[in-house]
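In what follows, every heavy atom counts, from backbone to side chain, and hydrogens, waters and symmetry copies are set aside.
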Amino acid sequence: MLSASSTQPSIKPAEARAGFTISGAVAWSGLSRSALYREAGAGRLLFRKCGRTTIVDGASLAALVASLPAASIGAERSRGV
């Protein structure tokens with residue numbers, strides 16, 4: 001979702017689901033499985049366990065995605081042509 005005053009996405013932790021399976025977190029965030037595990041290992045993403053199931057905490061996933069830098073696309077990039 002985009003806020004009216006900015007082109008930056010406005011993702012608030014309260015808007016996220018409570019939790020995701022790993023595949024659900026990949027689909028929702030666009031991050032790879034490896035990236036999710038790397039971020040969890042670095043302490044920036046919270047995983048929870050229920051038996052053998054790993055649940056990605058929704059609020060921490062939303063906060064992680066919101067903290068990512070904006071991509072520079074367009075005229076700022078040089079194509080080297």
Side-chain angles (χ1 to χ4, degrees):
M1 122 182 67
L2 297 178
S3 66
S5 64
S6 168
T7 59
Q8 297 292 329
S10 166
I11 302 171
K12 297 179 180 134
E15 295 172 354
R17 290 179 16 190
F20 296 88
T21 61
I22 296 293
S23 60
V26 167
W28 185 86
S29 69
L31 297 170
S32 68
R33 290 175 62 88
S34 297
L36 294 176
Y37 281 99
R38 189 170 41 250
E39 294 298 325
R44 293 184 290 264
L45 186 60
L46 178 61
F47 284 1
R48 300 189 182 274
K49 290 296 283 187
C50 182
R52 292 175 31 180
T53 304
T54 301
I55 301 294
V56 180
D57 179 74
S60 70
L61 181 59
L64 173 68
V65 170
S67 74
L68 296 174
S72 59
I73 300 172
E76 295 178 24
R77 290 182 60 195
S78 172
R79 296 192 137 189
V81 176

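With sequence neighbours excluded, no residue forms a side-chain hydrogen bond (donor to acceptor under 3.5 Å, both in side chains) with Ser34. Not counting sequence neighbours, Ala27 has no partner by the side-chain contact (heavy atoms from CB on, under 4.5 Å) test.
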For residues 48-55, which side-chain N or O atoms pair as donor and acceptor with protein atoms under 3.5 Å away, sequence neighbours left out?
from  : atom 1 : to    : atom 2 : distance (Å)
Lys49 : NZ     : Arg52 : O      : 3.3
Lys49 : NZ     : Thr54 : OG1    : 2.9

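The two residues Val56 and Leu61 have their closest heavy-atom pair at CG1-CB, 4.2 Å. Closest approach of Ser32 and Val26 over heavy atoms only: C-CG2, 4.1 Å.
The aromatic rings of Tyr37 and Phe47 stand perpendicular to each other, their planes meeting at an angle above 60°, with 30° marking the opposite boundary.
Hydrophobic clustering of Ile, Leu, Val, Met, Phe, Trp and Tyr side chains at less than 4.5 Å, counting indirect connections, keeps Leu46 apart from Val65. Linking Ile, Leu, Val, Met, Phe, Trp and Tyr whenever their side-chain heavy atoms come within less than 4.5 Å puts Leu31 and Leu45 in one cluster.
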